[in-house]
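Input: a single structure, listed below in C-alpha cells.
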Amino acid sequence: MMEMKRVIVVGAGIIGLVLARELARGGIPVTVYDSKAHVADKTAKASGIFSKEGLAKIAIKYDRAIVNELNGAVIFAGGESMRVGAKTTKAYVLDRGIFAECCADEARAAGTDIVMGRRLTRDDIVQLAKDNDNVVVGADGVVSTVASAIGFPPIKEYVLTYKAEYRDAAVPDLHKVGLFFSKKIARRFFGWTVPYSKSKLEVGIGISSLSRGNSSAAFNAFAKTPYMQEALGGASKVAGYASMIPLEWRRRTVMGNVLLVGDAAGQVKATTGGGVVFGASCARIAADAIVAAFRKGRPLAAYEKAWRREHELDLRLHRIAHSYYSMLGDRGFSAMIKLSKVMGIDSFLGTYGDMDRPTLIIRRFFLRGISE
Ligand SMILES: Cc1cc2nc3c(=O)[nH]c(=O)nc-3n(C[C@H](O)[C@H](O)[C@H](O)COP(=O)(O)OP(=O)(O)OC[C@H]3O[C@@H](n4cnc5c(N)ncnc54)[C@H](O)[C@@H]3O)c2cc1C
C-alpha cells in the first residue's frame, strides 16, 4: 500500500479550487500551484453562463459574482429563428474573475495552501510524480502540461474561440443568449451573444481546430453579419480574448499517482463548450477517490470508473449532438428549426430542458409522453 502524504494540484482554475476545497474538508493536506499572480487573472477569456441547477451542485457561494439572469435562448440558423424560454431564471451570467475568487476563498477557508505565481514545468511535474508520497492532479486546463509530461492520451479536436465585450451596444434581449449556427462562418461550432446589461454585450465565436481556420478572422466575419451590425453599429469594443475548449474527453484520466480533472481531462459539453458543471462534479468524484486512497489504501483508478459511470453517457450524447449539428448546412438548419417548432420542442425545452444533462431531457421527454 502506498503511503501518501500530500496532494499537489496544478492549476487554480475553478476545477482545481473546487477539488482542493473538497480535499481540505476531508482532512487531506493539499497545495495548489498556479502560474498566474491572482486567481481572477485571464478568466475573462471564457464566458460565465451557468445553470442554476449546476451551480447548486457545485455549492460555491456565488451571489457576489452575478452579472445578469437568463431565462432562455434565441437560436438563429439557416435564415430561421427559434426562441426557447422559460418564465423564470434558468441560468446566471457570472463574472468569472469574481467567481474564481469565491472558489479560492472557500478553498482557503477549508485549509488549502494556494501558491500563486508559480508555474510547474514538465520536469517539476515528472519529479513530483516520481515520489509515491504525492498524488499529483492536473487541473491545468485545456493545454495541460501534466497530461503531456506524464504521457496521457491526446485530445484530438478543440474549439478555437474568440470573444469580445462591447459597451453602448443595442442589446437585443436582456435575458436571452443568442446562438448563431452557420457552416460558413462558425465551422463545427457556433457564434453567440451574452447580455450583461441593457448596453453591455459579449459576442463570441468558436470554430473547430479541424477546420484549420482562425478564430479572430471568423469573429470579424461574424461581427459583419447584418444581425450583429444591428447590435454593434454604435458600440465600442472594450476587450477581446482568444482561447480554446476541448471537444472530447481523454481515453485515460488516471496514470499511477497522477489524475486529470476539468478541461485537462476534456470533461466538457461538446454542444456548448460549457465545462464548469461537469468538471466540478468530476473534481468532487476525484476528491472522494483520493480521500479513500489516503484513508483506506483504495486504488486511485476508482476515480476513472466513477466519473465515467456518472457522466460519460451525457458527454457522449453532447458529442453526438455536436457531430450532428456540425454536418448541417443552411438548409438542414432551417429544416431542423421548422421541425422543432412543429413538434413543440421549443416549448418543451423551455419547460423541461436541462443545460447540462441530455439524459435528463430524454427521461423527462418520455415521462411526459407517458403521463400526457
Ligand atoms: C470562450 C469560452 C467560453 C466558455 N463559456 C463557458 C460557460 O459559459 N460556462 C461554462 O461552464 N464553461 C464555459 N467555458 C469552459 C470553461 O471556461 C472551462 O471548462 C473551465 O474554465 C475549466 O476550468 P479548469 O479549472 O479545468 O481550467 P482553467 O480555468 O483553464 O484553469 C487552469 C489553470 O491552470 C493554470 N496552469 C496551467 N498550466 C499551469 C502550470 N504548468 N503550472 C501552474 N499553473 C498552470 C492556469 O493559469 C489556470 O489558472 C468556456 C470556455 C471558453 C474558452
Side-chain angles (χ1 to χ4, degrees), residues 8-20 31-51 54-55 57-58 67-68 70 73 91-97 99-100 103-104 107 114-125 128 136-149 158-165 177 179 189-192 194 202-207 215 219 240-247 249 260-283 286 355-356:
I8 289 128
V9 178
V10 188
I14 290 169
I15 308 308
L17 292 168
V18 168
L19 172 75
T31 307
V32 182
Y33 291 98
D34 201 296
S35 47
K36 303 185 300 192
H38 306 283
V39 286
D41 292 350
K42 298 184 187 172
T43 50
K45 63 186 185 194
S47 316
I49 303 173
F50 305 106
S51 65
L55 283 167
K57 283 184 207 141
I58 302 173
V67 172
N68 193 13
L70 299 173
Y92 290 109
V93 182
L94 298 189
D95 179 306
R96 289 286 298 247
F99 188 45
C103 299
I114 304 177
V115 182
M116 298 303 294
R118 172 81 163 87
R119 180 177 178 278
L120 296 194
T121 63
R122 289 170 70 96
D123 286 349
D124 293 333
I125 291 160
L128 286 166
V136 178
V137 182
D140 51 342
V142 59
V143 185
S144 168
T145 309
V146 175
S148 59
Y158 296 90
V159 185
L160 311 176
T161 61
Y162 187 91
K163 65 156 259 206
E165 289 162 24
V177 291
L179 302 174
F189 211 61
F190 55 87
W192 67 86
V194 182
E202 171 189 316
V203 180
I205 195 159
I207 57 171
S215 61
F219 181 89
Y241 314 87
S243 191
M244 277 165 70
I245 300 173
L247 265 180
W249 56 102
L260 300 179
V261 284
D263 276 18
Q267 290 155 339
V268 173
K269 297 184 279 184
T271 44
T272 64
V276 171
V277 171
F278 276 124
S281 173
C282 292
M355 274 172 60
D356 305 308

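Every value quoted in this text rests on a predicted model; they were computed, and no experiment measured them. Both ligands and their constituent atoms are indexed starting at 1 by order of listing.
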Under 3.5 Å, side chain of [X] to main-chain N/O of [Y], donor-acceptor pair present?
{"X": "Asn68", "Y": "Val93", "value": "no"}
{"X": "Arg96", "Y": "Ser47", "value": "yes"}
{"X": "Thr145", "Y": "Thr121", "value": "no"}

Review point. Any chance NZ of Lys36 has more than 12 other-residue heavy atoms, nucleotides or ligands included, within less than 6.0 Å?
Key: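 Yes.
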Check your understanding: Who's touching ligand 1 if we go heavy atoms under 4.0 Å?
Key ->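 Contacting ligand 1 under 4.0 Å are Val10, Gly11, Gly13, Ile14, Ile15, Tyr33, Asp34, Ser35, Lys36, Lys45, Ala46, Ser47, Gly48, Ile49, Phe50, Arg96, Arg118, Arg119, Leu120, Ala139, Asp140, Gly141, Thr145, Thr161, Trp192, Ser243, Met244, Ile245, Gly262, Asp263, Gly273, Gly274, Gly275, Val276.
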Check your understanding: Listed by chain and number, what are the side chain to side chain donor-acceptor pair (under 3.5 Å) partners of Arg119, not counting sequence neighbours?
Key ->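 Here no residue qualifies.
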**Study point:** Carboxylate-amine/guanidinium proximity below 4.0 Å for Asp34 and Lys42
**Key:**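 Between Lys42 and Asp34 there is no salt bridge, as every charged N stays at least 4.0 Å from the carboxylate O atoms.
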